[in-house]
Amino acid sequence: MTREAQLLPDTGEPGFGVYAHWPFCAAKCPYCDFNSHVRHQPVDQERFAAAFLKEMASMRAISGPKTVTSIFLGGGTPSLMKPETVAALLDGISRYWHVPDGIEITMEANPSSVEAERFRGYRAAGVNRVSMGVQALNDRDLKFLGRLHDVADALKAIKLAREIFPRMSFDLIYARPNQTVEEWERELKEAISYAVDHLSLYQLTIEEGTPFYGLHKAGKLIVPDGDQSALLYEATQEITEREGMPAYEVSNHARPGAESRHNLTYWRYGDYAGIGPGAHGRLTQGPKKLATSTERKPESWLELVERDGHGMVEQEMLGFDEQADELLLMGLRLKEGIDLVRWQQLSGREPDPKREQLLLEHGFIERLGNSRLRCTPAGMLILDSVVADLAC
């Protein structure tokens, strides 16, 4: 069922999201530490779809009746799903929760797995926003990043997405080895010329357990140092601001009104049901929040769901202090900052006046009236330290 193209406006509230994780990829990228798995035999999509619906029923029993404000199909590579599988998942979500017309329904896609008919099938199933992992706009760096597509594939996928979906975003990774500020500025301006209304721009990070980690530890992969990374970040902010796609979160840029509703739910510390192998969730239970996580290995998750009705392997009730810390950690990523009243209600205290004053004097944070606190652009460069200081 194709939903309305016109998305509902952002209310500023955290909302309630549903995240479904499709864990399969055609190849594992050397920088990726997400829960993604390569299978050389065809995946039984019908069996997995049935398990997703079964786990939705269990999550609905925990969450109670909710109105969904966004849906996100992530991975892995969700664009490896058949349109019929996507339709089954979206129909299941509509069965267990109230899904109004006009909410954002996003699906991640890789340019190498894009076909016009498949995209049209996803649109007919209800997807109204696609987020593509382009990652670079030159073939040399795409090869370095282990991507299966080239620039021609990426541009073809972008063109198709613009024709078929009301909303479209794509990702780029910067701070790549030997990347100069001038090279990145040219690539970023080119990306903005292709973008509709949203870009996700991530600095390359070396994550433990990935092939890049081993190369980096052996001295065979050198990434830009802190000073160079800061210059690249500052250039990113300047160019996107000038081109009308300012940062609304530390790594995400949008034209006003085109921010990702689903990701705003995370950063505003709303509730979300996490479904599928390796998915995480946060579901309010009275004054507490239940943190859920599911079995990461797809086949093990499948067996658990078929036996128990869900694949949850961890359930933890978060008290007020833990919720306050998570709200701070997530909310300070946003340009809009955090609702201080909400944070104070959870933490039971004001921010430490000495620590806050020191951060204010150094220009790392600022108050927006009496109700909000946010990081400045300088504070975003040392976000982890700012969060640690305020959380004490």
Side-chain angles (χ1 to χ4, degrees), residues 19 21-39 72-80 107-114 130-151 153-154 157-158 169-181 183-184 187-188 190-191 198-233 235-236 249-253 260 263 266 277-280 296-298 333 380-381 383-384:
Y19 175 80
H21 188 82
W22 188 257
F24 302 108
C25 279
K28 184 80 171 176
C29 297
Y31 58 83
C32 177
D33 71 336
F34 293 164
N35 187 42
S36 57
H37 303 263
V38 177
R39 296 291 179 262
F72 198 101
L73 307 180
T77 306
S79 53
L80 293 175
M107 187 177 76
E108 291 183 332
N110 275 343
S112 56
S113 60
V114 164
V130 69
S131 177
M132 288 192 295
V134 171
Q135 314 306 14
L137 289 174
N138 70 74
D139 288 340
R140 180 199 65 202
D141 284 349
L142 285 172
K143 186 175 181 180
F144 160 74
L145 291 168
R147 307 300 285 167
L148 297 179
H149 63 273
D150 58 19
V151 172
D153 292 331
I158 289 169
S169 177
F170 62 87
D171 302 354
L172 292 179
I173 292 173
Y174 67 101
R176 307 188 290 260
N178 303 313
Q179 187 178 40
T180 68
V181 172
E183 287 171 337
W184 172 234
E187 188 171 355
L188 180 54
E190 183 183 359
H198 192 286
L199 284 172
S200 297
L201 307 170
Y202 302 106
Q203 289 203 15
L204 177 63
T205 54
I206 306 300
E207 304 291 350
E208 192 168 351
T210 65
F212 272 6
Y213 181 81
L215 290 171
H216 182 65
K217 200 170 182 182
K220 295 178 181 178
L221 193 163
I222 309 298
V223 295
D225 62 19
D227 289 343
Q228 179 68 1
S229 293
L231 289 173
L232 289 162
Y233 177 80
T236 303
E249 187 268 347
V250 65
S251 300
N252 283 271
H253 303 254
S260 166
N263 287 335
Y266 297 150
H280 293 257
R296 290 172 61 85
K297 187 178 177 184
R333 297 179 65 89
M380 286 292 188
L381 286 168
L383 182 60
D384 290 346

K143 atom NZ, over 12 foreign heavy atoms within 6.0 Å: no
Shortest non-hydrogen separation from N252 to H198 and the atoms involved: OD1-CE1, 3.3 Å
With N138 via side chain to side chain donor-acceptor pair (under 3.5 Å) - residues at least two apart: D141
Min side-chain heavy-atom separation Y31-L221 under 4.5 Å: no
For the student: nearest non-hydrogen atoms of C32 and S36, plus distance: SG-OG, 3.9 Å
Sequence-distant partners of R333, side chain to side chain donor-acceptor pair (under 3.5 Å), two or more places apart: E249
CG (D225) with more than 12 external heavy atoms under 6.0 Å: yes
Shortest non-hydrogen contact between R296 and D33, atoms and distance: NH2-O, 4.2 Å
Results of salt bridge (Lys or Arg N to Asp or Glu O under 4.0 Å) for R39 - residues two or more places apart only: E299
Flag side-chain contact, heavy atom, 4.5 Å: V181 against Q228: yes
Derivation and outcome, side-chain contact (heavy atoms from CB on, under 4.5 Å), residues E108 and T77: CA-CA 7 Å; E108 291 183 332; T77 306; over 6 Å; no
Closest approach of T236 to L232 (non-hydrogen atoms, all atoms of both residues): OG1-O, 2.7 Å
4.5 Å side-chain heavy-atom contact, Y202 and L172: no
Listed partners of H21 passing ring-ring contact (aromatic ring centres under 6.0 Å, His included), at least two apart: Y19
Under the side chain to side chain contact (heavy atoms under 4.5 Å, CB included) test, residues paired with N263 that sit two or more places apart: S260, Y266, W267
pair P177-F144: side-chain heavy atoms closer than 4.5 Å: yes
Side-chain touch L145/C29, heavy atoms, less than 4.5 angstrom: no
With sequence neighbours excluded, residues passing side chain to side chain contact (heavy atoms under 4.5 Å, CB included) with D384: none
Separation of S169 OG from I158 CD1 (nearest 0.5 Å): 10.0 Å
Closest approach of P111 to A154 (non-hydrogen atoms, all atoms of both residues): CB-CA, 3.9 Å
For D153, salt bridge (Lys or Arg N to Asp or Glu O under 4.0 Å) partners two or more places apart: none
Contacts of type side chain to side chain donor-acceptor pair (under 3.5 Å), residue Y233, not counting sequence neighbours: none
Report, one line per pair, each donor and acceptor closer than 3.5 Å where one atom sits in a side chain of residues 203-210; sequence neighbours left out.
{"from": "Q203", "atom 1": "NE2", "to": "Y174", "atom 2": "OH", "distance (Å)": "3.4"}
{"from": "Q203", "atom 1": "NE2", "to": "S229", "atom 2": "O", "distance (Å)": "3.2"}
{"from": "T205", "atom 1": "OG1", "to": "E207", "atom 2": "OE2", "distance (Å)": "3.0"}
{"from": "T210", "atom 1": "OG1", "to": "E207", "atom 2": "O", "distance (Å)": "2.7"}
{"from": "T210", "atom 1": "OG1", "to": "Y213", "atom 2": "N", "distance (Å)": "3.3"}

Side chain to side chain contact (heavy atoms under 4.5 Å, CB included) partners of E183, counting only residues at least two apart: Q179, T180, R186
Residue pair D171 / S131: nearest heavy atoms and the distance that separates them: OD1-OG, 3.9 Å
Partner set under side chain to side chain contact (heavy atoms under 4.5 Å, CB included) for S112, not counting sequence neighbours: N110, L148, H149
All side chain to side chain donor-acceptor pair (under 3.5 Å) counterparts of H37, not counting sequence neighbours: N35
